[in-house]
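Heads up: the structure comes next, in structure tokens.
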Amino acid sequence: MKKELDLTKGSVPRVLLQFAIPYLLANVLQALYGGADLFVVGQFDDAASVAGVAIGSQVMQTVTGIILGLTTGITVLIGIATGARDHRQLASIIGSSIWLFVIVGAVLTLLMTLFHYPITLLMRTPAEAMADTKHYMFICSLGIPFIIGYNVVCGILRGLGDSRTPLYFVALACVINITFDFLLVGGFHMRAMGAALATVASQGISFLFALWYLHRRGFSFAFTRRDVRLDGRLSRRVFTLGAPIALQDALVNVSFLIITVIANRMGVVASASLGVVEKIIVFAMLPPVAISSAVAAMTAQNYGARLVDRMDRCLRAGISMALVFGVSVCVYSQFLPHTLTGIFTRDPAVVAMGAEYLHGYSIDCIMVSFVFCINAYFSGQGNSWFPMLHSLIATFLFRIPLSWIFSRIDPTSLFWMGIAPPLATMVSLLVCLWYMYRKRASR
């Protein structure tokens with residue numbers, strides 16, 4: 001059965017949903033194996049170990065955001081070439097991307113393994129969580145080549161219209177990670193170190209499986225070893241599209257790290273509480289992220305085929321679908337936040353403080369339903385600079401300053417800090433609406 005979808009044909013909502021569902025399931029599983037570390041450590045260890053995994057995973061999430069942003073350039077370029085039916089260009093993009101990301105992987109791995117300890121200090125990690133944080137970050141840094149390899153393969157497949165196969169790769173990683181988490185953390189009591197080893201093992205096996213699959217499957221167009229070469233022009237195009245998204249994700253994640261530093265100053269309970277809620281928000285954001293990723297891929301193929309009206313209908317359908325999930329999460333979090341924060345820890349103080357933070361933060365799930373899809377709409381057309389610029393404005397001029405100001409209102413609570421994210425995203429939304437109005441007026 002053919003796994004690639006032609007995103008330029010058929011009912012827009014149906015095709016978008018058909019492409020987004022495997023993407024969503026893959027993201028859910030990926031978040032599960034990421035959240036499994038925190039969950040298992042929370043069941044068997046103390047708040048210091050939970051904080052260590054929470055802080056370490058925040059840093060690694062920043063690195064992963066850079067990787068995802070850069071590989072988005074592959075997806076968009078492949079999507080545009082697929083829509084234009086340019087098979088020679090497709091082979092060149094894939095071959096050049098392989099070499100490009102071998103270099104990126106080597107650089108990132110070297111930097112993170114060398115500087116994991118200074119980063120731990122920079123995070124103002126509580127003394128009780130210092131050892132766990134260092135162990136988690138160092139071991140996970142060694143797995144960066146696997147993260148890059150997996151995302152390059154998935155970026156290629158999704159650009160071609162196949163969002164189903166990556167689901168199998170991440171499902172394998174999820175099963176392996178959860179199994180190893182319980183074995184190493186619960187059985188051998190290795191704390192954060194065990195959680196990190198489980199994560200790296202699952203990533204490595206998943207990548208090797210993805211590589212084997214791609215080798216056995218091949219492509220529907222001619223692709224040979226001669227295509228695997230570093231093309232300067234194509235590499236620049238990948239970076240031109242991917243770098244703004246990578247920079248945006250990296251700086252937004254840096255803002256999360258800065259906010260984590262603010263919470264760390266409030267003590268180990270606040271640090272653990274913020275880490276727990278961030279994991280919850282990762283899950284809550286999965287539907288709009290998956291839908292917006294589908295919007296980007298679908299927009300790219302239709303942009304390559306010059307189907308402008310279909311691109312616009314794709315954006316409207318994506319926002320409508322994302323809102324269904326965003327509103328549901330927000331409403332639930334207003335009434336039963338303790339049932340969510342209690343998933344990751346048994347510490348009553350962490351559960352209570354995390355619930356306060358979630359009250360305000362969950363409103364952001366509604367705001368991002370608009371912003372994520374609009375960003376994807378422009379990125380799919382090769383315009384990744386605008387999403388980056390407005391996101392940086394909202395993050396560094398509003399989100400971080402507001403978080404710091406609100407943290408000083410009541411140092412014993414995270415409630416006011418939870419209001420900062422939706423306020424910052426509202427700024428992004430207003431800028432997006434203004435930009436779209438100007439673009440449509442100039443047509």
Side-chain angles (χ1 to χ4, degrees), residues 2-5 7 18-34 60-61 63-82 90 93-102 104-105 108 143-177 199-200 202-220 223 238 241-242 245-246 249 282 286-287 289-301 376 379-380:
K2 187 179 179 181
K3 295 182 179 180
E4 291 92 350
L5 284 173
L7 305 180
Q18 190 176 353
F19 188 80
I21 286 177
Y23 213 133
L24 172 59
L25 293 175
N27 286 352
V28 168
L29 289 175
Q30 192 159 2
L32 274 174
Y33 88 72
M60 293 311 301
Q61 187 174 318
V63 176
T64 302
I66 294 173
I67 295 168
L68 286 172
L70 291 174
T71 55
T72 298
I74 301 175
T75 301
V76 171
L77 277 183
I78 289 177
I80 293 173
T82 299
L90 279 172
I93 293 169
I94 293 171
S96 186
S97 297
I98 292 172
W99 266 109
L100 176 63
F101 281 93
V102 166
V104 171
L108 279 178
I144 287 175
F146 301 141
I147 301 174
I148 288 181
Y150 162 79
N151 281 287
V152 167
V153 173
C154 291
I156 292 170
L157 292 173
R158 286 165 177 157
L160 294 171
D162 179 7
S163 62
R164 289 170 51 196
T165 302
L167 172 61
Y168 307 142
F169 304 153
V170 76
L172 176 65
C174 183
V175 172
I176 294 171
N177 189 68
T199 296
V200 171
S202 65
Q203 291 167 344
I205 294 172
S206 178
F207 167 59
L208 292 175
F209 181 76
L211 204 59
W212 171 83
Y213 171 84
L214 202 60
H215 174 72
R216 288 289 302 271
R217 172 186 181 274
F219 299 105
S220 60
F223 181 81
V238 170
L241 288 173
I245 301 173
D249 289 344
V282 166
L286 291 179
V289 166
I291 292 167
S292 65
S293 297
V295 169
M298 193 168 182
T299 299
Q301 285 199 16
S379 296

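Values below: all heavy atoms of this structure, side chains included; hydrogens, waters and symmetry mates excluded. Here, residue 1 is the first one in the sequence, and each next residue gets the next number.
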Given V102, L77, V104, I74, the one that forms side chain to side chain contact (heavy atoms under 4.5 Å, CB included) with S97: I74
When rounded to the nearest 0.5 Å, the distance separating OG1 of T75 from CD of Q301 is 11.0 Å
Side chain to side chain, I291 and L24, heavy atoms closer than 4.5 Å: no
What distance do F19 atom CZ and D162 atom CG have between them, rounded to the nearest 0.5 Å? 8.0 Å
In Å, rounded to the nearest 0.5 Å, how long is the span from CD1 of I66 to OG1 of T71? 11.5 Å
S96: which residues meet the side-chain hydrogen bond (donor to acceptor under 3.5 Å, both in side chains) condition with it, sequence neighbours left out? S235
With sequence neighbours left out, the residues meeting side-chain contact (heavy atoms from CB on, under 4.5 Å) with A81 are Q89, L90, I93
Check ring-ring contact (aromatic ring centres under 6.0 Å, His included) between F101 and all other residues, then give those that pass, not counting sequence neighbours. none
Tell me every residue that passes side-chain contact (heavy atoms from CB on, under 4.5 Å) with T299, counting only those two or more places apart in sequence or in another chain. V295, M311, C314, Y377, Q381
When you compare the side chain of I67 with that of I144, does any pair of heavy atoms fall below 4.5 Å? yes
Which of these passes side chain to side chain contact (heavy atoms under 4.5 Å, CB included) with S206: F169, F146, Y168? F169
Where S292 and A376 come nearest, the two heavy atoms and their spacing: O-CB, 2.9 Å
Minimal heavy-atom distance between V76 and G380, with the atoms involved, is CG1-O, 4.0 Å
Partners of I176 by side-chain contact (heavy atoms from CB on, under 4.5 Å), sequence neighbours excluded? L172, F180, S202, I205
For the backbone of I147 and the side chain of N151, can you confirm whether one donor and one acceptor N or O come within less than 3.5 Å of each other? yes
How close do A294 and A20 get, heavy atom to heavy atom, and via which atoms? CB-CB, 3.7 Å
Sorted by chain and number, sequence neighbours left out, side-chain contact (heavy atoms from CB on, under 4.5 Å) with P22 holds for S163, R164
